[in-house]
Peer 1: 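Handing you a structure now.
This chain uses plain numbering: 1 for the first residue, then up along the sequence.
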Amino acid sequence: MATVGIVMGSDSDMPVMAKAAAMLEDFGVDYEMRIISAHREPQELVEWAGHAQEKGMKVIIAGAGMAAALPGMCAALFDLPVIGIPMYSKSLGGNDALYSIVQMPGGVPVATVAIDGAKNAALLAIEMLAISDEGLHEKIRAFRAKQKADVIKKDARLQETGAANYSN
C-alpha cells in the first residue's frame with residue numbers, strides 16, 4: 001500500500017516528478033507513481049483518485065502544466081490533502097499552470113508549491129504525514145538540522161577563504 005500518490009499528466013513531467021519520488025524514498029515513505037491525463041483519460045483519473053484512499057494514500061502530489069486540470073480534479077475526487085506542482089512550459093513559463101492550480105474554487109483546496117517545486121511538494125507531504133508519525137517527524141527534524149549544519153559549514157568556509165576565493 002502506498003502512502004502518497006504521485007500523478008502527472010505526461011511523461012514529459014517525469015524529470016520534475018522524479019525529484020518528489022526521490023525525496024519520499026529518502027524519508028522511507030511509500031508511494032505510487034502514475035501518468036494519467038485529466039483531459040485524455042478522465043475515467044482513469046476518476047478511478048485512480050476516487051479510490052486512492054482505499055489503497056492507503058493519505059496525500060496526493062499532482063504535477064501538471066498548461067491548463068493544469070490534474071491537481072484540481074484530484075482534489076475533487078480525493079478528500080485528503082492534494083499538493084499541486086505547476087510545471088514549467090516554454091509558452092508561458094509555467095505561470096498558466098501556477099495560476100490554474102492556485103486559483104481553486106472555495107471548498108476544493110489544493111496546496112501549491114513553486115513552478116517545478118517537486119522537492120518541496122514531497123517535503124510538504126512528509127510533514128503532513130509526520131503530524132501522526134513521530135518517527136517521520138524525527139526524520140524531518142534531522143533533515144532540517146543537516147540543512148542548517150551545511151549552511152554553517154559553507155559560511156565558515158567563506159569566512160576562511162574570502163569571497164574572491166570561494167567556490168561551490
Side-chain angles (χ1 to χ4, degrees), residues 1-133 135-137 139-140 143 147:
M1 287 176 86
T3 307
V4 176
I6 299 175
V7 64
M8 64 201 95
S10 169
D11 64 349
S12 64
D13 301 329
M14 184 58 78
V16 172
M17 300 306 283
K19 294 174 185 174
M23 185 61 60
L24 292 170
E25 288 172 12
D26 287 348
F27 278 83
V29 175
D30 294 331
Y31 65 90
E32 174 181 305
M33 181 179 274
R34 297 290 307 270
I35 299 170
I36 304 173
S37 171
H39 295 107
R40 295 177 189 96
E41 302 177 291
Q43 287 306 118
E44 287 81 355
L45 180 61
V46 167
E47 178 65 27
W48 182 79
H51 296 283
Q53 191 172 357
E54 295 167 21
K55 295 189 282 183
M57 292 179 211
K58 297 179 180 176
V59 181
I60 289 177
I61 298 171
M66 301 169 74
L70 189 59
M73 284 302 300
C74 286
L77 297 163
F78 180 73
D79 58 9
L80 291 174
V82 173
I83 303 166
I85 303 172
M87 295 293 168
Y88 177 82
S89 66
K90 292 178 189 171
S91 57
L92 296 172
N95 289 306
D96 48 346
L98 173 64
Y99 292 147
S100 177
I101 297 169
V102 82
Q103 291 292 349
M104 289 297 297
V108 189
V110 174
T112 310
V113 295
I115 295 168
D116 289 351
K119 179 179 177 179
N120 274 352
L123 285 168
L124 184 56
I126 292 163
E127 289 173 352
M128 290 173 178
L129 297 170
I131 291 170
S132 61
D133 183 333
L136 206 48
H137 196 187
K139 289 180 181 181
I140 287 286
F143 175 80
Q147 284 186 311

Peer 1: Would you mind reporting whether Met23 and Phe27 have side-chain heavy atoms less than 4.5 Å apart?
Peer 2: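 In contact.
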Peer 1: Sub-3.5 Å donor-acceptor pair from the side chain of Lys19 to the main-chain atoms of Ala118, do we have one?
Peer 2: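 Between the backbone of Ala118 and the side chain of Lys19 there is no qualifying donor-acceptor contact (under 3.5 Å).
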Peer 1: Run the side-chain contact (heavy atoms from CB on, under 4.5 Å) check on Trp48 and Met57 step by step: do they pass?
Peer 2: CA-CA 11 Å; Trp48 182 79; Met57 292 179 211; 3.9 Å; yes
Peer 1: To the nearest 0.5 Å, what is the distance between NE2 on His137 and CG on Leu129?
Peer 2: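 Between His137 NE2 and Leu129 CG, I get 12.5 Å after rounding to 0.5 Å.
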Peer 1: To the nearest 0.5 Å, tell me how far Leu77 CG sits from Glu47 CD.
Peer 2: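 That separation rounds to 10.5 Å.
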Peer 1: Closest approach of Asp96 and Ser89, non-hydrogen atoms and distance?
Peer 2: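 Shortest heavy-atom separation between Asp96 and Ser89 comes out as OD1-OG, 3.8 Å.
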Peer 1: Quick check for you: to the nearest 0.5 Å, what is the distance between Met33 atom CE and Ile61 atom CD1?
Peer 2: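 Reported value, rounded in 0.5 Å steps: 8.5 Å.
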Peer 1: Side-chain contact test, heavy atoms from C-beta onward, threshold under 4.5 Å: evaluate it for Ile85 versus Asn120 and give yes or no.
Peer 2: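 Counting from C-beta outward, Ile85 and Asn120 never come under 4.5 Å.
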Peer 1: Would you give me the side-chain donor-acceptor pairs under 3.5 Å for residues 2-17, sequence neighbours excluded?
Peer 2:
residue	atom	partner	partner atom	Å
Ser10	OG	Ser12	N	3.1
Ser10	OG	Ser12	OG	3.0
Asp13	OD2	Ser10	N	3.4

Peer 1: Taking all non-hydrogen atoms of both residues into account, name the closest pair between Ala62 and Pro71 and its distance.
Peer 2: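 Answer, listing the atom of Ala62 first, then Pro71: O-CG, 3.5 Å.
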Peer 1: Output, in order, the C-alpha distance, side-chain angles, deciding distance and verdict of side-chain contact (heavy atoms from CB on, under 4.5 Å) for Met128 and Ile83.
Peer 2: CA-CA 11 Å; Met128 290 173 178; Ile83 303 166; 4.2 Å; yes
Peer 1: Checking side-chain contact (heavy atoms from CB on, under 4.5 Å) for the pair Leu136/Lys139: CA distance, chi angles, key distance, verdict?
Peer 2: CA-CA 5 Å; Leu136 206 48; Lys139 289 180 181 181; 4.2 Å; yes
Peer 1: Test your reading of the model: is there a side-chain donor-acceptor pair from Glu41 to the backbone of Ser37, 3.5 Å cut-off?
Peer 2: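 A pair under 3.5 Å: yes.
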Peer 1: Going from CG on Leu70 to CD1 on Ile36, what distance comes out if it is rounded to the nearest 0.5 angstrom?
Peer 2: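 Here the interatomic distance stands at 7.5 Å.
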Peer 1: Heavy-atom distance under 4.5 Å between the side chains of Leu24 and Ile126, does that happen here?
Peer 2: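 Result yes, sub-4.5 Å side-chain heavy-atom pair found.
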Peer 1: Output every pair passing salt bridge (Lys or Arg N to Asp or Glu O under 4.0 Å) with a member in residues 101-129, not counting sequence neighbours, ordered by first then second residue.
Peer 2: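 Qualifying pairs, neighbours excluded: Glu127-Arg144.
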Peer 1: Return the minimal non-hydrogen interatomic distance between Pro86 and Ala114, and the atom names on each side.
Peer 2: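 Smallest interatomic distance, heavy atoms only, reads CD-O, 3.7 Å.
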Peer 1: CZ/Phe78 to NZ/Lys58 distance, rounded to the nearest 0.5 angstrom?
Peer 2: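 It is 10.5 Å, given to the nearest 0.5 Å.
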Peer 1: Locate the shortest heavy-atom distance separating Ala76 from Val108; write the atom from each residue and the value.
Peer 2: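 Shortest heavy-atom separation between Ala76 and Val108 comes out as N-CG1, 4.0 Å.
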Peer 1: Looking only at heavy atoms, which two atoms of Met87 and Ile115 are closest? And how far apart?
Peer 2: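 Minimum heavy-atom contact is C-CG2, 4.0 Å.
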Peer 1: Between Ala64 and Ile101, what is the shortest heavy-atom contact and its length?
Peer 2: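 Smallest heavy-atom distance, with atoms named: O-CD1, 4.3 Å.
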Peer 1: Just checking Met66: does its CE atom have more than 12 heavy atoms from other residues, nucleotides or ligands closer to it than 6.0 angstrom?
Peer 2: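 No.
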Peer 1: Between Ser100 and Ala67, is there a donor-acceptor pair closer than 3.5 Å when you use the side chain of the first and the backbone of the second?
Peer 2: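 The answer is yes, because a donor-acceptor pair under 3.5 Å joins these two groups.
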